S.K.: 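Next up is a structure, given as structure tokens.
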Amino acid sequence: MSGPPRVRSANTATEMEARSVLGPAGNKVPTKPASKSTKKPVQQTPEGKDKEKVKELLTPQKKPTPAPQSLTLTASILRQQERMAGNFSMSLSCLSDGGASSSSAGSSSSGMTGGGGRRGGKHGIGVGVRRKQSGPKGESGVIVVDSWEGGCLDNKKRCGWVTTNSDLCYVAFHDEEWGVPAHDDKKLFELLSLSGALAELTWPTILSKRHLFRDTFLEFDPRAVSKLSEKKIGAPGSPASSLLSELKIRGIIENGHQICKVIDEFGSFDKYIWSFVNHKPIVGQFRYPRQVPVKSPKSEVISKDLIRRGFRSVGPTVVYSFMQVAGLTNDHLMSCFRFQECITGVESRGKVNNDEANDETKKVEETTALG
């Protein structure tokens with residue numbers, strides 16, 4: 001039996017075309033690549049530009065890589081050298097301007113201040129402000145002070161403890177008082193008391209408060225100080241309590257009592273204290289600050305005798321400081337300008353004393369001859 005005829009569908013051709021054809025090696029026959037469509041550049045609208053700007057702002061920016069450390073160091077060194085060169089040129093210009101105006105300013109400054117650059121105070125000691133100063137250290141530890149405001153001496157070599165930062169009262173203290181022989185009993189009592197105060201204060205502080213010391217202790221009159229009441233003067237809130245401790249205040253009053261006894265015994269405190277050095281200052285002849293001692297065998301002898309007599313706060317170190325400031329010893333450095341001045345002052349004073357002694361002996365001889 002023959003069945004009904006098979007009818008081929010019309011889609012067979014298309015199905016055959018859709019099937020993949022195998023080549024001899026069993027691979028697919030490579031098809032031709034589709035041609036790439038060339039896109040024409042599209043012009044951006046203003047809105048598109050704004051969107052791109054927003055994207056650029058929102059996207060995190062890459063941090064710049066830091067420069068090597070060696071480059072930054074060399075750059076900073078070059079900047080510092082440029083600044084130093086600029087400052088040096090400015091300082092040279094300031095010095096040239098100051099030298100031209102120093103002659104005209106000298107007369108006006110000398111009229112305002114006096115006494116080695118001290119400003120007027122109750123007792124002639126005050127603290128001023130320095131204008132221009134330079135103090136390079138010279139040989140043997142001596143400070144060369146160029147200038148201070150107030151007419152201070154220029155180009156003077158001073159002891160090493162006077163620096164460019166020292167107050168004017170401290171400089172004047174070195175130039176006019178320290179190492180000058182003192183022979184007045186009140187002056188000697190004051191210097192002994194101030195030397196004892198060095199255990200609690202420094203010389204610049206003591207000098208700035210010197211008028212308070214003199215007011216509190218009645219110009220250091222031994223008779224008047226010996227009559228002061230220790231309870232009243234050392235009471236809390238008193239002027240003396242703001243200067244020193246109660247122990248030091250009592251020591252000064254007690255020393256006033258003992259000085260009165262010494263005056264009654266020797267005629268004056270001056271004769272007593274100067275007898276330890278044969279009435280002639282000891283010359284130290286030191287070249288360097290490190291050679292200056294804090295005490296000496298002579299100060300130990302004086303200290304023992306003062307303690308034996310009932311004095312207080314008179315240890316060897318305090319006594320040596322007193323000897324320095326009262327002129328019993330000349331401890332200015334040999335390169336300091338005050339070293340030779342103190343020696344010549346002592347020599348001139350000795351000549352005057354010898355002349356006076358010779359005049360007195362002549363008068364005595366004349367009176368005896370007439371009698």
Side-chain angles (χ1 to χ4, degrees), residues 109-130 148-153 158 161-163 165-257 259-260 269-270 312-314 318 321-322 324-327 338:
S109 63
S110 61
M112 292 173 63
T113 59
R118 295 182 295 176
R119 293 195 176 272
K122 187 170 182 181
H123 295 280
I125 292 180
V127 180
V129 181
R130 297 178 293 277
W148 265 281
E149 187 181 17
C152 184
L153 300 174
R158 293 171 169 83
W161 48 272
V162 179
T163 65
N165 297 325
S166 299
D167 293 331
L168 293 180
C169 61
Y170 199 41
V171 180
F173 174 68
H174 169 272
D175 294 353
E176 300 175 3
E177 189 171 3
W178 196 79
V180 177
H183 295 278
D184 182 67
D185 285 350
K186 292 182 181 179
K187 181 76 171 179
L188 291 170
F189 181 33
E190 178 185 5
L191 297 177
L192 180 62
S193 302
L194 297 181
S195 299
L198 288 173
E200 299 179 358
L201 303 173
T202 60
W203 271 123
T205 306
I206 291 171
L207 295 173
S208 64
K209 298 180 179 181
R210 196 169 189 176
H211 61 284
L212 298 176
F213 278 96
R214 289 174 174 173
D215 291 342
T216 303
F217 297 103
L218 306 176
E219 301 295 329
F220 289 96
D221 184 3
R223 302 285 181 185
V225 172
S226 62
K227 296 178 182 179
L228 291 174
S229 174
E230 295 182 3
K231 292 182 179 180
K232 290 182 180 180
I233 196 172
S238 62
S241 62
S242 62
L243 296 174
L244 296 171
S245 63
E246 185 178 355
L247 182 64
K248 293 294 181 183
I249 294 170
R250 290 181 178 179
I252 293 175
I253 296 174
E254 182 61 29
N255 290 345
H257 283 287
I259 287 178
C260 292
F269 186 68
D270 169 55
R312 298 183 183 179
S313 300
V314 286
V318 173
S321 298
F322 165 71
Q324 289 176 321
V325 68
R338 288 294 296 162

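Predicted, not measured: the structure shown is a model, and the values here were computed from it.
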S.K.: Taking atom CD1 of Ile206 and atom OH of Tyr170, what is their separation to the nearest 0.5 Å?
M.R.: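 Nearest 0.5 Å value for the CD1-OH distance: 9.5 Å.
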S.K.: Closest heavy-atom contact between Ile253 and Ile233?
M.R.: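 Result for this residue pair: CD1-CG2, 3.5 Å.
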S.K.: Hey, could you give me the CZ/CG distance between Phe217 and Leu212, rounded to the nearest 0.5 Å?
M.R.: 11.0 Å
S.K.: Any chance you could measure Lys209, atom NZ, to Leu201, atom CG, to the nearest 0.5 Å?
M.R.: 6.0 Å
S.K.: Report yes if the side chains of Phe220 and Leu188 come closer than 4.5 Å at any heavy-atom pair, otherwise no.
M.R.: no
S.K.: How close do Thr216 and Ala240 get, counting heavy atoms only, and between which atoms?
M.R.: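 Smallest heavy-atom distance, with atoms named: CG2-CB, 3.4 Å.
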S.K.: For the pair Ile252 and Leu244, evaluate side-chain contact (heavy atoms from CB on, under 4.5 Å) and give the outcome as yes or no after the intermediate values.
M.R.: CA-CA 10 Å; Ile252 293 175; Leu244 296 171; 3.8 Å; yes
S.K.: Side chains of Ser195 and Val318: closer than 4.5 Å at any heavy-atom pair?
M.R.: yes
S.K.: Considering only NZ, NE, NH1 and NH2 on the basic side and carboxylate oxygens on the acidic side, decide whether Arg210 and Glu177 come within less than 4.0 Å.
M.R.: yes
S.K.: Looking only at non-hydrogen atoms, find the nearest pair between Ala182 and Lys187 and report the distance.
M.R.: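 Nearest pair, atom of Ala182 first, then Lys187: CB-CG, 3.9 Å.
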S.K.: For the SG atom of Cys169 and the CD atom of Glu176, what is their distance to the nearest 0.5 Å?
M.R.: 11.5 Å
S.K.: Looking at Ile259, Asp221, Leu191, which one forms a side chain to side chain contact (heavy atoms under 4.5 Å, CB included) with Lys186?
M.R.: Asp221
S.K.: Looking only at non-hydrogen atoms, find the nearest pair between Ala199 and Lys248 and report the distance.
M.R.: CB-NZ, 3.8 Å
S.K.: I'd like to check Leu243 versus Glu200 (side-chain heavy atoms, cut-off strictly below 4.5 Å). Are they in contact?
M.R.: no
S.K.: Run the ring-ring contact (aromatic ring centres under 6.0 Å, His included) test against Phe213 and tell me which residues pass, sequence neighbours left out.
M.R.: none
S.K.: Does some side-chain heavy atom of Cys260 sit less than 4.5 Å from a side-chain heavy atom of Phe269?
M.R.: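 Answer no - side chains too far apart.
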S.K.: Report the distance from atom CZ of Arg338 to atom NE2 of His174, rounding to the nearest 0.5 Å.
M.R.: 8.0 Å
S.K.: What class does the angle between the rings of Trp161 and Trp178 fall in, given that below 30° is parallel, 30 to 60° is tilted and above 60° is perpendicular?
M.R.: perpendicular
S.K.: How long is the span from the OG atom in Ser313 to the CG atom in Leu192, to the nearest 0.5 Å?
M.R.: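 So the OG of Ser313 and the CG of Leu192 are separated by 9.0 Å.
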S.K.: Is the closest side-chain donor-acceptor distance between Thr163 and Ser166 under 3.5 Å?
M.R.: yes
S.K.: Can any side-chain N or O of Glu254 pair as donor or acceptor with the backbone N or O of Arg312 at less than 3.5 Å?
M.R.: no
S.K.: Mind listing the closest non-hydrogen atom pair of Ser238 and Ser241 along with its distance?
M.R.: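 Nearest heavy atoms, Ser238 then Ser241: O-OG, 2.6 Å.
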S.K.: Apply side-chain contact (heavy atoms from CB on, under 4.5 Å) to the pair Phe322 and Val314, showing each step before the final yes or no.
M.R.: CA-CA 9 Å; Phe322 165 71; Val314 286; over 6 Å; no
S.K.: Ignoring hydrogens and geometry, is there a side-chain-to-backbone donor-acceptor pair from Ser226 to Gly256 under 3.5 Å?
M.R.: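 The answer is no, because no donor-acceptor pair under 3.5 Å joins these two groups.
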